[in-house]
Q: 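Handing you a structure now.
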Amino acid sequence: MQVPYLSYRKMHEDVRSKIVQAFSEFFDDAWYVSGPRVEAFEKKFAAYTGVQCAAGLSNGLDALRLALQSLHIGKGDEVIVPSNTYIATVLAVSYAGATPVFVEPDSSTYNIDPDKISEAITKNTKAIVPVHLYGQACSMESICAAAEKNNLYVIEDNAQAHGATFHNKMTGSFGIINATSFYPGKNLGALGEAGAVTTDNKELCETVKILRNYGSAKKYYNDVQGYNMRMDECQASFVSIKLDHLENWTAERRKIAREYDESLHKTGDLILPYTAEGATHVYHVYMIRTKYRDALQKYLEENGVGTMIHYPVPVHLQKAYHDLNFKTGDFPIAEEIAETCLSLPMWPGLSAEEMQYVCNTIKKFFAAIVNR
Ligand SMILES: *Cc1c(COP(=O)(O)O)cnc(C)c1O
């Protein structure tokens, strides 16, 4: 049996006819960028997230960049980021000219550890960027309390957690302005590049809308040096259609996660995902940990099962961040996660048979280790 890590084809079967219809309308209307579809999606996504305003953008990295810029975060400022995240979170801080300050994750949720945030705050700290990694909401009450006490902004990176909540409040609605991505592989994905910011602050939202469009509120009148970070009309209609299915797809991801939990419980040295009190998990990624990670990944691959590693090298040890002068051992929790983590196939449409095959293959691997 072949079980891919992710199958867009199967995932998209549910929406095929609506997407094709939307494309046909988009084609006939012949208006391609920044139009009524983007506006309609922004309203719908803001309502879904429970905020006043959303601005559709080119991608998630640009959303993070414009969120930081709208708050005038720049040179001389420090921004707290998790040591365990995708590099985009950190790149956005670097692009702003600010300095990323890494904080270790909680070793059971893998999200930024709120208890370690205070130690990282200096007189230059301007913001905290919590990332709801793998789909689990961060402990937003502790994070927001630390921010408030120290007069810092919170900017959520919600690229991986569409639909997750902390104490029943949606991720993407806690920070002053928050960023998300609709990269195809995300829980809510476009069929190409797209992203957005979400905020209750209409002024910040307007600032982002101006920045994304060459710094212009009125065509050919440019108030600031902006960018081209606009969203495509067709992507807006595709994500809008997919948003209607998100709750069902999330339920399906959770069902698959429960089945993995039950089936893999007490298998070898596996550490399974843990969801913290108050948080919900939307399983963008179902990540397990084992000291046999590399051998297990190879064995699964040989048996037709696709897996991924999120992420093999922590940001502080990436060549791209050589200039920050970090070394192995500086963020040991993030480093240990990088060495032991493995993400199993997880997508709406993954069948029970496929999932059982993945679990059985993993059990065979561990049985072989024990018998060796
Ligand atoms: C995907 C991702 C991003 C960047 O989104 P793009 O649309 O690919 O630019 C940022 N942060 C996290 C945590 C992500 O997973």
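As the structure lists them, so they are numbered: ligands from 1, and atoms in each ligand from 1.
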Q: Between Glu104 (side chain) and Ile333 (backbone), is there a donor-acceptor pair under 3.5 Å?
A: yes

Q: In terms of the angle between their ring planes, are Tyr299 and Phe365 parallel, tilted or perpendicular, with boundaries placed at 30° and 60°?
A: tilted

Q: Do you know which of Ile80, Ile112, Leu152, Asn111 makes side-chain contact (heavy atoms from CB on, under 4.5 Å) with Ile143?
A: Ile112

Q: Does ligand 1 have any N/O atom under 3.5 Å from a protein N/O, and what are those pairs and their distances?
A:
from	atom 1	to	atom 2	distance (Å)
ligand 1	5 (O)	Ser181	OG	3.2
ligand 1	7 (O)	Gly60	N	2.7
ligand 1	7 (O)	Ser181	OG	2.7
ligand 1	9 (O)	Gly60	N	3.3
ligand 1	9 (O)	Leu61	N	2.9
ligand 1	11 (N)	Asp157	OD1	3.3
ligand 1	11 (N)	Asp157	OD2	2.7
ligand 1	15 (O)	Gln160	NE2	2.8
ligand 1	15 (O)	Lys186	NZ	2.7

Q: Who passes ring-ring contact (aromatic ring centres under 6.0 Å, His included) against Tyr86, sequence neighbours left out?
A: Tyr311

Q: Parallel, tilted or perpendicular, judged at 30° and 60°: which one describes the rings of Phe26 and Phe23?
A: tilted

Q: In terms of side-chain geometry, is the basic nitrogen of Lys298 or Glu302 positioned less than 4.0 Å from the acidic oxygen of its partner?
A: yes

